[in-house]
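Contents: one structure, followed by commentary.
Chain naming here is simple, since letters A, B, ... match the order of the sequence lines and numbering starts at 1 in each. Values below: all heavy atoms of this structure, side chains included; hydrogens, waters and symmetry mates excluded.
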There are 2 protein chains.
Amino acid sequence: MIASAARSRGRPREFDMNQALDNALRVFSERGYHATSIGNLTEAMQLASGSVYKAFKDKRGVFLASFDRYRAVRSSKLRVAVAAGKTGYECLHEALSFFANASQGLEGKQGCLVVSCASELATFDPEVAQKVATAMDVNEALILDLIRQGQADGSVSPDIDAAATARLLLCAVQGMRVVGKTGRTREEMMAAVGVAMKTLT
Amino acid sequence: MIASAARSRGRPREFDMNQALDNALRVFSERGYHATSIGNLTEAMQLASGSVYKAFKDKRGVFLASFDRYRAVRSSKLRVAVAAGKTGYECLHEALSFFANASQGLEGKQGCLVVSCASELATFDPEVAQKVATAMDVNEALILDLIRQGQADGSVSPDIDAAATARLLLCAVQGMRVVGKTGRTREEMMAAVGVAMKTLT
DNA sequence: TGATTTAGGGAATGACCGTTCTCTATATTG
DNA sequence: CAATATAGAGAACGGTCATTCCCTAAATCA
């Protein structure tokens, strides 16, 4: 038997898990965790409430799965975007532009699942708090990495405090997601990226 | 009759409005809007539910009043902090430090009412969305003002794009409030402020 | 084929929450 | 002092929400 074709025991799942999670995380992003009802989720995911509970235990389970999906998709897209740069400096510009683009127009208004929902839960849910902290750390580590890469290839000043700069840039991109909820244009956000790049010289 | 001593008609209010709002906004900040129940509010405000509804019409009314109170208090404190600086550059450093300080330790974990709660409501409540947008605009305008002041007194480079820099710094300070929810030290945040100041030279 | 296992769907349930109602208390007005 | 007006407190109410239950459907196992 081919390993990848191994089937589970009973009736197979009829819906596409990733597609359902993409719909769920869109609703969570727009409405926030507590304002999202099971009804909102069943409508968006095109599933009956019983099926939701069969597949995910409870509402929090849907959220946790959506959160992981969101992070996986965003991380993947970010890494693709970053790869377009050649020097460390260019990669950093790609990374900041990626966040700027997500903070503008409709996508900006939808907001960031990590920022809006997770902040809502992190206070009273240690597991979510940990996931949020990790998400932040991963982004900060990526930026720090690119700064060091830039210092190595000469595109970023060797005199800057890499750790502090990475932290400031992390704040800047997370702040873009917040400010972007009030509605900004791509030009406004890209101009901010241009200013942020000055911290690397 | 002395104007300031003019009393209203019926039984006078027994609780202190500002104190009650300070308690309410603390709960809204910690729990978010939807996760805050009337029970949470009556407990924190030390008022019976009937009294809350008599004084504020409904839950949203409590939130709106808390939001205004929060903005008034924070704005006032920010302006006091900024006044400690002499040059525009110094005033900007005071302003950024003010946000950094609020984004660290316990206050950082409590979070910002504008960021966490208002984002939660802004999607489906135009009035709240307007209030949030205004809060952002006021902060951005203050930063822009200080940059121009610095350019006038020679403490900030005349070559920088004042509007774009103000926007980036707004993103940075709002981002601090988000990142600060995951727990950061004063030193970490102040180092980020130091880096942000480089955008002014 | 019959037994077993898992998924889908939707009605039923029980708890909680926001709001209203009612009654009492305390002020001003005339 | 009566009349009026507003505040305080908490019980009562109605609706919504998350969750569970039960029945049916579709797969594998023996």
Side-chain angles (χ1 to χ4, degrees), chain A residues 1-21 23-24 27-28 30-67 117 120-121 124-125 127-128, chain B residues 1-21 23-24 27-28 30-67 117 120-121 124-125 127-128:
Chain A
M1 181 197 286
I2 303 166
S4 64
R7 283 237 185 125
S8 56
R9 198 74 189 299
R11 176 175 172 178
R13 177 169 290 141
E14 285 178 7
F15 66 91
D16 182 80
M17 177 59 83
N18 284 338
Q19 191 178 305
L21 287 178
N23 289 329
V27 176
F28 277 129
E30 282 171 2
R31 308 186 62 93
Y33 179 79
H34 286 106
T36 298
S37 70
I38 301 295
N40 296 141
L41 289 174
T42 56
E43 187 186 3
M45 300 169 88
Q46 308 231 62
L47 257 48
S49 61
S51 306
V52 170
Y53 278 82
K54 187 92 62 179
F56 305 95
K57 181 175 151 60
D58 56 17
K59 179 179 167 181
R60 183 170 172 274
V62 182
F63 177 77
L64 292 177
S66 299
F67 189 91
C117 287
E120 200 181 334
L121 290 174
F124 293 105
D125 190 324
E127 190 180 340
V128 172
Chain B
M1 183 196 285
I2 302 165
S4 64
R7 284 236 184 121
S8 57
R9 197 73 190 297
R11 176 175 172 176
R13 178 169 288 142
E14 286 178 8
F15 66 91
D16 182 81
M17 176 59 83
N18 284 339
Q19 192 178 305
L21 288 178
N23 289 328
V27 176
F28 278 130
E30 283 170 2
R31 308 185 63 93
Y33 179 79
H34 291 288
T36 298
S37 71
I38 301 296
N40 297 140
L41 289 174
T42 56
E43 188 185 4
M45 301 169 88
Q46 308 231 60
L47 287 167
S49 62
S51 306
V52 169
Y53 277 82
K54 187 91 63 178
F56 305 96
K57 179 175 151 64
D58 57 16
K59 178 179 169 182
R60 182 170 172 274
V62 182
F63 176 78
L64 292 177
S66 299
F67 188 90
C117 288
E120 199 182 333
L121 289 174
F124 293 106
D125 190 325
E127 190 180 340
V128 172

Distance in angstrom units between [X] [atom1] and [N] [atom2], rounded:
X     : N      : atom1 : atom2 : value
B:L47 : C:dT19 : CG    : C1'   : 16 Å
A:R31 : D:dA18 : CZ    : P     : 11 Å
A:I38 : D:dG15 : CD1   : P     : 21 Å
A:K59 : D:dT19 : NZ    : C1'   : 12 Å
A:N40 : D:dC17 : CG    : P     : 8 Å
B:K57 : D:dA7  : NZ    : C1'   : 18 Å
B:M45 : D:dA9  : CE    : C1'   : 15 Å
B:R13 : C:dA25 : CZ    : C1'   : 16 Å

Verify, without hydrogens or angle tests, whether [X] (side chain) and [Y] (backbone) share a donor-acceptor contact under 3.5 angstrom.
X      : Y     : answer
B:N23  : B:A20 : no
B:E120 : B:G32 : no
A:S66  : A:V62 : yes

Self-check item: Sugar-phosphate only, base, or nothing, as touched by A:T36 at under 4.0 Å among non-hydrogen atoms
Solution: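 Sugar-phosphate, backbone atoms only, no base.
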
Quiz item: With a non-hydrogen cut-off below 4.0 angstrom, is B:S51 in contact with a base, only sugar-phosphate, or nothing?
Solution: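 Answer is base: heavy atoms of B:S51 come under 4.0 Å of a base.
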
Exercise. Determine: side-chain N/O of B:K54 to OP1/OP2 of D:dG8, distance under 4.0 Å, yes or no.
Key: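 No, outside the criterion.
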
Quiz item: Which residue lies toward the 5' end of DNA chain D, A:G39 or B:Q46, if each is placed at its nearest nucleotide?
Solution: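 Checking each residue's closest nucleotide, the 5'-ward one belongs to B:Q46.
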
Quiz item: Of A:E14 and B:F15, whose closest DNA chain D nucleotide lies nearer the 5' terminus?
Solution: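 That would be B:F15.
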
Quiz item: For the side chain of A:S49, counting heavy atoms from C-beta on, which of D:dA9, C:dA11, C:dT19 is nearest?
Solution: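 Per side-chain heavy atoms of A:S49, the pick is C:dA11.
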
Practice problem: Return yes if the base of C:dA25 and the side-chain atoms of B:R11 contain a donor-acceptor N/O pair under 3.5 Å, otherwise no. | Solution: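 Between C:dA25 and B:R11, which were checked side chain against base, a qualifying N/O pair under 3.5 Å is present.
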
Exercise. Determine, for A:E127 against A:R60, whether the closest basic-nitrogen to carboxylate-oxygen distance falls under 4.0 angstrom.
Key: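 Salt bridge present between A:E127 and A:R60.
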
Practice problem: Let me know, please, whether A:R9 or A:A55 comes out on the 5' side of the other along DNA chain C by nearest nucleotide. | Solution: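 Closest to the 5' end, via its nearest nucleotide, is A:R9.
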
Quiz item: Hey, what's the ring geometry for A:F15 with A:F56, parallel, tilted or perpendicular (30° and 60° as the breaks)?
Solution: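 Tilted, since the angle between the ring planes falls between 30° and 60°.
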
